[in-house]
Each structure stands twice: as C-alpha cells, then as structure tokens.
Engineer: 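The following block contains the structure, expressed as structure tokens.
Remember, it's 1-based here, ligands and their atoms both numbered in the order they're listed.
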Amino acid sequence: MNNFVFHNSTKVVFGKGTVGAIGDEIKNYGYKKVLFLYGGGSIKKNGVYDSVVDSLRRNSIEFVEVSGVKPNPVLSKVKEAIDVAKRENVEAILAVGGGSVIDSAKTIAAGFYYDGDIWDAFTGKYKVKKSLPIFVVLTISATGSEMNGGAVITNEDTKEKWSFWASTSFPKASIIDPTVQFSLPREQTVYGGVDAIVHVLEYYFDGSKGRKVMDRIMESIIKTIMEAIEILIDNPTNYEWRANLAWSATLALNGLTSVGSYGGDWSSHIIEHSLSALYDIAHGAGLAIVTPAWMRYVMNEDREKFERFAKEIFGKNNAEEGIEAFKGWLKKVGAPVSLKDVGISFEDVGKIAENAAIRSPFGKLKPLYKEDIIAILKLAFE
Ligand code: NZQ
Ligand code: ZN
C-alpha cells in the first residue's frame with residue numbers, strides 16, 4: 001500500500017425520483033443563472049428534461065440552454081458553449097447527460113476563466129486553477145465523471161482525444177437517479193459497464209502491491225457490474241440492478257479504487273482514445289477490444305495478479321484462461337472484441353499506433369513504446 005491522499009468534494013444525491021432536487025442543490029449555493037448543457041435529445045424523450053426545467057423554475061433559477069453535445073465530445077462545441085457562458089455571464093454549469101456532457105461542462109467551466117485556447121489545459125500548457133461550479137444530473141453510468149475531476153475531449157483538427165484533471169472540476173453536486181437509465185439502449189448499458197470495469201482494472205493491474213482491502217473491493221465492483229449487465233440486457237427496468245450498476249460505476253473512478261496504487265496503468269485507455277478519435281467508436285466498445293489484447297501482452301509483468309484475477313473473477317486456474325474468459329464474457333454480452341468487429345482494417349495499425357504514441361512511453365505495469373502499441377493492436381485483431 002503506497003501513501004495516499006483521498007479527497008472527494010462532490011456531494012452525491014442518489015435514488016429514485018431525485019432529479020427534481022437539482023434546482024434545490026443549485027439554489028443552496030445561491031446561484032441564480034446557469035448554462036444548461038445536454039446531448040442529442042434523449043433527455044427530451046425520457047422526461048428528464050421536463051423534470052430539470054420544472055426544478056429550475058420552482059427555484060427561480062434562470063437558464064441558458066446549449067444542446068447537441070455528441071458522444072466523444074469535440075472541442076469546437078466546447079468553445080461555442082464557452083462563448084455563450086461568457087456572453088450570458090452564467091454563474092454555474094448544469095450538465096445533464098453522461099460522460100460526454102459532463103466532460104464538456106468541466107472544460108467549459110475551466111475555459112470561462114481562461115483567455116487563451118482551452119485546449120492548452122489538455123496539452124499541459126495551462127494548469128487549470130479555477131472553474132465555474134458544476135452541477136450534474138447523470139443519465140448513463142459509465143465514466144465516473146459525475147464524481148471526479150477528469151475530462152476527455154477530442155480536438156477534431158488534430159485528431160487527438162486527450163484529457164485533463166483538476167481539483168476545481170469536481171462537480172459540486174451530482175444527482176444519480178437510476179430510473180432515468182431505464183431508457184438506455186442495450187449497447188449503451190453494456191459499454192458503460194465495460195468502461196467502469198476497465199477503470200477498476202487500470203488500478204488493479206498497475207503493479208502496486210499489498211492493497212489487500214482494495215483488491216477485494218475492486219473484485220467486488222467488477223463482479224457486481226458483470227452480474228448487473230447480464231441482468232439488465234434482458235430486464236432494462238430492473239431498479240435494484242440499475243442502482244447497483246450506477247453506484248459501482250461511480251466507485252470505479254471516484255478516487256476510491258486508486259488509493260495506495262501507483263495511479264493506475266491507463267495504457268488501455270490511451271490506446272482506446274486513439275480509436276475513438278480516429279473512428280468515433282464508443283469508448284466502452286473500444287475498451288472491450290483493446291483491454292484483453294493489452295492483458296495478453298503484459299501479463300508476464302505480474303503473472304501472480306493475472307492469476308488472482310482469473311481465479312477470483314472467473315474461477316480459472318491460470319492467467320491465459322482468465323483473459324480468455326474475460327474476452328468470452330465481453331462477447332457474450334454483445335461487446336465487440338476484435339478490431340475486425342468494428343470494421344477497422346489491418347492496414348490502419350500504423351496510423352492508430354502513431355496517434356497513441358504521441359503520448360508514449362505510457363503505462364505503469366509495462367511502459368509502452370510505439371512498437372509495443374503496434375504489437376497490442378495486432379493482438380486486437382484476433
Ligand atoms: O446524447 P443523448 O441523446 O443524450 O444520447 C446519449 C449518447 O448517445 C445516450 N444516453 C445517455 N443517457 C441516456 C441515453 N440514451 C437513453 N437514455 C438515457 N438515459 O448515450 C450515448 C452515450 O453518451 P455518453 O455521454 O457519450 O456516454 P458515456 O457516459 O459513456 O461517456 C463517454 C465519454 O466519456 C469519456 C469517454 O472517452 C467518452 O468520450 N470518458 C470520461 C472519463 C472521465 N471524465 O473521467 C473517463 C473515461 O475513461 C472516459 O474516457
Ligand atoms: Zn473509461
């Protein structure tokens with residue numbers, strides 16, 4: 001167990017019928033005007049939009065809407081919203097949606113106080129020190145963005161999907177009402193769950209030792225998410241499993257799983273972000289393809305841990321069988337497991353590796369260079 005600091009400043013309001021509390025949460029801070037940010041319109045179909053608007057009006061909170069944030073959110077949309085936020089002089093950002101909307105909100109909130117190009121926060125040229133306050137109504141459990149300080153955005157011009165983290169990006173309050181996720185398409189439930197599992201795995205397999213309580217917590221989160229997905233793909237309105245999936249996904253990346261670690265490996269994520277940047281595929285789908293290939297490539301760096309994973313999660317005896325069982329499970333729940341499954345051609349390996357290698361070497365368990373990335377991508381065709 002390495003030394004650690006655990007600090008999470010986000011208040012979570014969790015449960016059935018909690019969306020209507022968003023206005024009260026904002027009012028408690030005394031804010032009177034917000035930028036209301038959302039995605040492609042799912043919130044208008046499932047009633048979340050109406051509940052949010054009712055709650056804001058009841059609390060006399062003025063709002064300016066910006067909609068159309070797309071999955072794999074882009075920098076141009078963020079910049080458009082920063083202009084609106086400045087022009088309208090809003091006091092806070094309200095994100096209603098999933099990781100794409102929340103990450104955009106975090107970037108807008110930081111961009112509000114920065115006169116340069118906010119992409120500088122992603123390249124490291126600007127260290128975010130100040131953000132507008134952020135409030136969240138979560139509509140899909142996946143990224144943990146509702147309770148962390150991270151944001152991931154794609155720069156469409158350079159095809160870079162990069163991230164920044166700031167303590168000022170933690171939402172002030174996040175509403176997690178699992179019933180609003182009843183309307184999720186099956187594949188989004190699966191991709192969200194896979195993303196959360198891989199967040200746990202990034203910390204589980206970063207080479208850190210002696211985190212006995214964390215290993216057990218992480219295994220419990222993974223097993224709970226797997227069971228939840230299996231049930232929800234046939235019964236999307238099962239409240240208990242929606243609730244368990246939602247809280248598991250939040251715990252997967254709210255700082256809990258990182259305590260005492262080396263900070264996570266993150267290789268699967270960095271390689272996946274290149275796939276999303278180049279082909280606009282869903283993050284969870286990309287992870288389902290990349291993670292088992294990464295596991296095969298690095299397992300000898302920590303065979304003991306891969307054997308533990310095989311035994312604890314799948315009841316298997318060795319590392320190889322554990323990884324195969326994971327891949328088999330991903331396939332069973334309908335996730336793609338090969339780059340072939342999403343129509344990417346073998347000739348593109350160089351281009352993808354080039355995109356990811358800008359950040360190399362990366363990875364804690366095994367530092368990866370371009371030739372390693374190429375080898376992993378080749379395994380991801382099997
Ligand atoms: O845009 P709408 O119409 O709302 O539809 C969305 C979108 O198409 C739909 N959806 C969301 N809630 C729904 C719903 N449809 C029906 N009913 C509901 N209740 O789901 C689709 C996906 O939404 P999105 O926000 O993109 O999903 P997710 O939460 O998986 O976010 C993915 C993004 O977050 C980044 C990913 O890279 C990706 O860009 N990540 C953010 C992280 C963070 N901030 O900590 C960490 C992650 O590793 C990840 O990289
Ligand atoms: Zn992720």
Engineer: Out of Gly286, Ser67, Ser100, Ser276, whose heavy atom sits nearest atom 32 (C) of ligand 1?
Structural biologist: Ser100

Engineer: Between the main-chain N or O of Tyr204 and the side-chain N or O of Ser208, is there a donor-acceptor pair closer than 3.5 Å?
Structural biologist: no

Engineer: Specify the protein heavy atom at minimum distance from atom 50 (O) of ligand 1: its residue, its atom name, and the distance to 0.1 Å.
Structural biologist: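 Checking every protein heavy atom, the shortest distance to atom 50 (O) of ligand 1 gives His273 NE2, 2.9 Å.
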
Engineer: Would you name the N/O/S atom of Asp195 that lies closest to the Zn ion (ligand 2)?
Structural biologist: OD1

Engineer: Suppose we measure from atom 6 (C) of ligand 1 to each protein heavy atom; which comes out shortest, and what is that distance?
Structural biologist: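 Atom 6 (C) of ligand 1 sits closest to the protein heavy atom Ser42 OG, 4.5 Å.
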
Engineer: Can you tell me which portion of Val152 lies within the under-4.0 Å heavy-atom range of ligand 1? Options are side chain, backbone, both, or neither.
Structural biologist: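 Within the 4.0 Å criterion, Val152 contacts ligand 1 through side-chain atoms alone.
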
Engineer: Any side-chain heavy atom of Lys70 sitting closer than 4.5 Å to one from Lys77?
Structural biologist: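 They are not in side-chain contact.
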
Engineer: Just to be sure I read this right, does ligand 1 sit under 4.0 Å from the backbone of Lys70, its side chain, both, or neither, counting only heavy atoms?
Structural biologist: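 Neither part.
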
Engineer: Heavy-atom contacts with Pro71 under 4.0 Å: which atoms of ligand 1 show up? List them by number with element.
Structural biologist: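 Listed by number with element, the hits are 7 (C), 8 (O), 26 (O).
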
Engineer: Identify the protein heavy atom lying closest to atom 23 (O) of ligand 1, giving its residue, its atom name and the separation to 0.1 Å.
Structural biologist: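 Of the protein heavy atoms, Ile140 CG2, 4.3 Å lies nearest.
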
Engineer: Identify which of Gln188, Glu202, Lys161 has a heavy atom lying nearest to atom 38 (C) of ligand 1.
Structural biologist: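 Going through Gln188, Glu202, Lys161 one by one, Lys161 has the nearest heavy atom to atom 38 (C) of ligand 1.
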
Engineer: Only one of Asn235, Thr189, Asp177 passes side chain to side chain donor-acceptor pair (under 3.5 Å) with Arg242; say which it is.
Structural biologist: Thr189

Engineer: Under a plain distance cut-off of 3.5 Å, with no hydrogens placed, do Ser67 and Glu65 share a side-chain donor-acceptor pair?
Structural biologist: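 No, no side-chain donor-acceptor contact under 3.5 Å.
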
Engineer: Going by the order shown, which atoms of ligand 1 are within less than 4.0 Å of some heavy atom of Leu253?
Structural biologist: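 Counting atoms of ligand 1 from 1, those under 4.0 Å from Leu253 are 45 (O), 46 (C).
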
Engineer: For the Zn ion (ligand 2), what is the closest N, O or S atom on His269?
Structural biologist: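 Nearest N/O/S atom of His269: NE2.
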
Engineer: Checking the N or O distance criterion of under 3.5 Å, is ligand 1 in contact with Ile43?
Structural biologist: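 So ligand 1 has no N or O lying under 3.5 Å from an N or O of Ile43.
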
Engineer: Over 60° means perpendicular and under 30° means parallel, so tell me whether Trp294 and Phe306 are parallel, tilted or perpendicular.
Structural biologist: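 Geometry flag for Phe306 against Trp294: tilted rings.
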
Engineer: Please write down residue, atom name and distance for the protein heavy atom closest to atom 17 (N) of ligand 1.
Structural biologist: Ser183 OG, 2.8 Å

Engineer: Please determine, by modelled atom types, if Glu146 and Thr250 share a side-chain donor-acceptor pair under 3.5 angstrom.
Structural biologist: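 A donor-acceptor contact under 3.5 Å links the two side chains.
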
Engineer: When you measure from the centre of the six-membered ring of Trp162, is the NZ or CZ of Arg359 under 6.0 Å away and within 45° of the axis?
Structural biologist: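 Pair Arg359/Trp162 counts as cation-pi.
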
Engineer: For ligand 1, which atoms, with element, lie under 4.0 Å from some heavy atom of Asn72?
Structural biologist: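 So the answer, numbered in order with elements, is 39 (O).
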
Engineer: So is there a nitrogen or oxygen of Gly40 less than 3.5 Å from a nitrogen or oxygen in ligand 1?
Structural biologist: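 Between Gly40 and ligand 1, an N or O pair is found under 3.5 Å apart.
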
Engineer: Show which atoms of ligand 1 fall inside a sub-4.0 Å distance from at least one heavy-atom site of Asn46.
Structural biologist: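 Those of ligand 1 that fall under 4.0 Å from Asn46 are 17 (N), 18 (C), 19 (N).
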
Engineer: Could you check whether Lys364 makes a cation-pi contact with Tyr262, meaning its NZ or CZ is under 6.0 Å from the centre of the six-membered ring and within 45° of the ring axis?
Structural biologist: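 No, a cation-pi geometry is absent between Lys364 and Tyr262.
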
Engineer: Is there a polar contact between ligand 1 and Gln181, counting only N or O atoms under 3.5 Å apart?
Structural biologist: no

Engineer: Would you kindly say whether Tyr29 and Glu91 are connected by a side-chain donor-acceptor distance under 3.5 Å?
Structural biologist: no

Engineer: Any chance the rings of Phe164 and Tyr126 have centres within less than 6.0 Å?
Structural biologist: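 Judged by ring-centre distance (under 6.0 Å), Phe164 and Tyr126 do not meet the cut-off.
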
Engineer: Considering only the protein, which heavy-atom contact is closest to atom 41 (C) of ligand 1, and what is its distance?
Structural biologist: Asp103 OD2, 3.0 Å

Engineer: For Gly192 and ligand 1, answer yes if some heavy atom of the residue is under 4.0 Å from a ligand atom, otherwise no.
Structural biologist: no

Engineer: For the 3.5 Å polar cut-off, considering only N or O atoms, please tell me whether His283 and ligand 1 meet it.
Structural biologist: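 Yes, His283 has an N/O under 3.5 Å of an N/O on ligand 1.
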
Engineer: Taking N or O atoms only and a 3.5 Å limit, does Gly39 qualify as a polar contact for ligand 1?
Structural biologist: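 No; the residue has no nitrogen or oxygen that sits under 3.5 Å from a nitrogen or oxygen of the ligand.
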
Engineer: Could you point out which residue of Val136, Val66, Leu37 forms a side-chain contact (heavy atoms from CB on, under 4.5 Å) with Val101?
Structural biologist: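 Looking at Val136, Val66, Leu37, the match for Val101 under the side-chain contact (heavy atoms from CB on, under 4.5 Å) is Leu37.
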
Engineer: Distance check, rounded to the nearest 0.5 Å: Glu88 atom CD versus Lys33 atom NZ?
Structural biologist: 4.0 Å

Engineer: For the aromatic rings, using the six-membered ring if either is Trp, is the centroid distance between Trp119 and Tyr114 under 6.0 Å?
Structural biologist: no

Engineer: So how far is it from Glu202 CD to Ser267 OG, rounded to the nearest 0.5 Å?
Structural biologist: 7.0 Å

Engineer: Quick check on contacts: which atoms of ligand 1 are under 4.0 angstrom from a heavy atom of Asn148?
Structural biologist: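 Contacts of ligand 1 toward Asn148, numbered from 1: 45 (O).
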
Engineer: Report the nearest protein non-hydrogen atom to atom 47 (C) of ligand 1: residue, atom name, distance rounded to 0.1 Å.
Structural biologist: His199 NE2, 3.4 Å

Engineer: Could you tell me whether the side chains of Glu230 and Trp329 share a donor-acceptor contact shorter than 3.5 Å?
Structural biologist: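 Glu230 vs Trp329: donor-acceptor pair found between side chains.
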
Engineer: If you count the atoms of ligand 1 from 1 in the order shown, which ones are under 4.0 Å from a heavy atom of Ala142?
Structural biologist: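 Those atoms are 29 (O), 30 (O).
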
Engineer: Any idea which protein heavy atom is nearest atom 29 (O) of ligand 1, and the distance to it?
Structural biologist: Gly99 N, 2.7 Å

Engineer: With atoms numbered from 1 as shown, which atoms in ligand 1 lie under 4.0 angstrom from a non-hydrogen atom of Gly150?
Structural biologist: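 Answer for ligand 1: 44 (N).
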
Engineer: I need the atoms of ligand 1 closer than 4.0 Å to a non-hydrogen atom of Val180, numbered in the order shown.
Structural biologist: 19 (N)

Engineer: I need the nearest protein heavy-atom contact for atom 34 (O) of ligand 1: residue, atom name and distance, please.
Structural biologist: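 Sorting protein heavy atoms by distance from atom 34 (O) of ligand 1 puts Thr143 CG2, 3.3 Å first.
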
Engineer: Going by distance alone, is a donor N or O of one side chain under 3.5 Å from an acceptor N or O of the other, for Ser145 and Lys106?
Structural biologist: yes

Engineer: Tell me whether the NZ or CZ atom of Lys340 lies within the 45° cone about the ring axis of Phe381 and under 6.0 Å from its centre.
Structural biologist: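 Lys340 over Phe381 ring: no.
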
Engineer: Protein heavy atoms: any of them under 4.0 Å from atom 9 (C) of ligand 1?
Structural biologist: no

Engineer: Could you tell me whether some N/O pair between Pro73 and ligand 1 is separated by less than 3.5 angstrom?
Structural biologist: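 There is no such contact.
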
